[in-house]
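Encoded as structure tokens, the structure appears first; notes follow it.
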Protein chains: 2
Amino acid sequence: MAIRTRTTAPRGDALSRQRIVEAAVELLDAEGEAGLTFRALSARLKTGPGAIYWHVANKDELLLAATDAVLATTGAGPDPRASPEETIRGVALGLFDAIDEHPWLAVQLSRSPWQSMTLRLFDRVGQQVQALGVPAAARFTSASALLIYILGAARQNAANARTQRPGADRTAILERESATWEGLDATEYPFLHDVAGQLRDHDDRAQFLAGVDLILAGIRAVAP
Amino acid sequence: MAIRTRTTAPRGDALSRQRIVEAAVELLDAEGEAGLTFRALSARLKTGPGAIYWHVANKDELLLAATDAVLATTGAGPDPRASPEETIRGVALGLFDAIDEHPWLAVQLSRSPWQSMTLRLFDRVGQQVQALGVPAAARFTSASALLIYILGAARQNAANARTQRPGADRTAILERESATWEGLDATEYPFLHDVAGQLRDHDDRAQFLAGVDLILAGIRAVAP
DNA sequence: ACCTGAACACCGTTCAAGT
DNA sequence: ACCTGAACACCGTTCAAGT
């Protein structure tokens, strides 16, 4: 096969939808949602803002494409040997970690529900709920409760991470927050006051999974 | 007591933090988050944008104040005769309805977790979890799972409502979505394909409460 | 103390003009 | 077909100047 000439081969610096989306993801990861700007993006791609509009309709479409691109690489294929519970935990952890790595994902995922990506997730969770032996009438409720919790927790975690400076000392933050809760008026915040100590050795991931297990227990209680 | 003179009494059109926040809430309710602009707000208040900055530090603080103002009027006081489950359902429904009425609330509530308002909610839910007899070690997990679900579901509902044009025919939308799901490839989306029919007479509020009950069942399963 | 409104440094998006 | 970059209509925020 002949070597392509320089002029017809796609050069590394040629603009393309793919290169734009890749650069957008990099920008989102590095600077957060506020960092994704058509000007910043075009500067990084060494072109003008107008050039991007040739390949992408608008910012919404760009964000959607970035979300799809990241989620496409995430989540290992389902393991047929895994139990339904394990598969659900796998999906949940995959999303949790993806959002932990790309906090801007959370906002995108819950912005347009019933979107292709969310529907795919809903179906995957629903399949496992069915495999659990949940009767047909209770499947919709079970699957939607699971997905809502998973997305909600991952989003909350992303919001927490964004509040803190990146690279901040996690232990120190929890220590400080725990002390704050302890200092709260026990009459006004009896629960927080009581539970302040548990915050000190809090593990977000473990907490997240415990919540998933709690809902799974509820589902099992309805469909034994 | 003497009648106050016109000049010292706060005239109806005098600028004040309270009037600003009230106008902000009106604007948010009518036009959504994008509608809250310092220019639109100052036009409504018949003043310049700079005047607002005398009473409010910036847009973030304004959004926070608007959120507090709306949530302060929501949620009936806790009924001491109600069971813990009933109280939790009451808190959940109160939030759900508030967010249904003011969809912009959802984004605000999960933007800054560990904020005064969210902490108060967390404490209220935690108190009821304790009243349920959940052992100390499981209380944190139970309360946070509940709150994450409640906020997540309310947000999802708000996002759904925002996608649809206000005043759109709810039945028609569900009918159309149900038909879409039915038309999906049964190999790729087996669950959605199966469950499409249930979507037709779907009640968001009932669905939401069913999810709360599911988590309550899980909590009870852990702490009988 | 409080308000005014022009001005600054940004946005997303468009579009005539180029190649 | 694809790119350029100035221009438009917006933002949030600041600030000298007024009362």
Side-chain angles (χ1 to χ4, degrees), chain A residues 4-67 104 107-108 111-112 162, chain B residues 4-67 104 107-108 111-112 162:
Chain A
R4 297 217 193 159
T5 62
R6 274 265 225 55
T7 43
T8 56
R11 290 185 310 151
D13 58 349
L15 208 52
S16 70
R17 199 185 149 92
Q18 189 188 329
R19 281 227 321 139
I20 291 171
V21 172
E22 279 170 9
V25 170
E26 282 170 28
L27 217 42
L28 284 164
D29 287 347
E31 318 266 359
E33 288 179 62
L36 181 60
T37 296
F38 275 85
R39 272 165 251 262
L41 194 57
S42 62
R44 183 179 277 242
L45 293 168
K46 294 193 200 321
T47 180
I52 295 170
Y53 280 91
W54 182 260
H55 301 272
V56 156
N58 51 38
K59 193 169 183 178
D60 265 15
E61 192 190 297
L62 182 58
L63 280 167
L64 209 118
T67 306
W104 49 272
V107 178
Q108 292 313 308
R111 218 161 59 107
S112 40
R162 213 175 316 142
Chain B
R4 298 215 194 162
T5 62
R6 275 268 223 54
T7 42
T8 57
R11 291 185 306 151
D13 58 349
L15 208 53
S16 69
R17 198 184 150 91
Q18 190 189 328
R19 281 227 318 140
I20 291 171
V21 172
E22 281 169 9
V25 169
E26 283 169 27
L27 217 42
L28 284 164
D29 286 347
E31 318 265 359
E33 288 180 62
L36 180 60
T37 295
F38 276 83
R39 272 164 251 263
L41 193 56
S42 62
R44 183 179 278 242
L45 292 167
K46 294 193 200 319
T47 179
I52 295 170
Y53 279 92
W54 183 260
H55 301 272
V56 155
N58 51 39
K59 194 170 183 179
D60 265 15
E61 192 189 299
L62 182 57
L63 280 166
L64 209 119
T67 306
W104 49 272
V107 178
Q108 293 311 308
R111 217 162 59 107
S112 40
R162 212 175 316 142

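Given the structure is predicted, the values throughout are model-derived calculations rather than measurements. Each chain gets a letter, A, B and so on, in the order the sequences are listed, and its residues count up from 1.
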Interatomic distance where [atom1] belongs to [X] and [atom2] belongs to [N] [whole Å]:
X       : N      : atom1 : atom2 : value
A:Leu27 : C:dC11 : CG    : C1'   : 14 Å
B:Arg17 : C:dC3  : CZ    : P     : 14 Å
B:Tyr53 : D:dT14 : OH    : P     : 7 Å
A:Lys59 : C:dT13 : NZ    : P     : 8 Å
A:Leu41 : D:dC3  : CG    : P     : 13 Å
A:Leu15 : D:dG5  : CG    : P     : 13 Å
B:Trp54 : D:dG18 : CH2   : C1'   : 14 Å
A:Ile20 : D:dC2  : CD1   : P     : 11 Å

Who is the Watson-Crick or G-U wobble partner of D:dC10, with both distances under 3.5 Å?
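D:dC10 is paired with nothing.
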Pairing partner (Watson-Crick or G-U wobble, both distances under 3.5 angstrom) of D:dC15
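Its partner is C:dG5.
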Contacts to DNA chain C from residues 32-40 of chain A, heavy-atom cutoff under 4.0 Å, which residues?
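DNA chain C contact set from residues 32-40 of chain A: A:Leu36, A:Thr37, A:Phe38, A:Arg39.
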Closest to the B:Pro49 side chain: C:dC3, C:dA6, D:dG12?
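Among the listed nucleotides, the one closest to the side chain of B:Pro49 is C:dA6.
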Distance in Å, B:Leu27 CG paired with B:Arg44 CZ, rounded so as to fall on 0.5 Å steps:
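Nearest 0.5 Å value for the CG-CZ distance: 5.0 Å.
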Quick one: are [X] and [Y] in side-chain contact, heavy atoms under 4.5 Å?
X        : Y       : result
A:Trp104 : A:Leu36 : no
A:Leu62  : A:Asn58 : no
B:Leu41  : B:Thr37 : no
A:Arg17  : A:Glu61 : yes
B:Glu31  : B:Glu26 : no
A:Gln108 : A:Leu64 : no

For a quick test of reading the model: is some side-chain N or O of A:His55 closer than 4.0 Å to OP1 or OP2 of D:dC3?
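Indeed, a polar side-chain atom of A:His55 lies that close.
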Which sits closer to the 5' end of DNA chain C, B:Ile52 or A:Ala51, going by the nucleotide each is nearest to?
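Upstream on the strand: B:Ile52.
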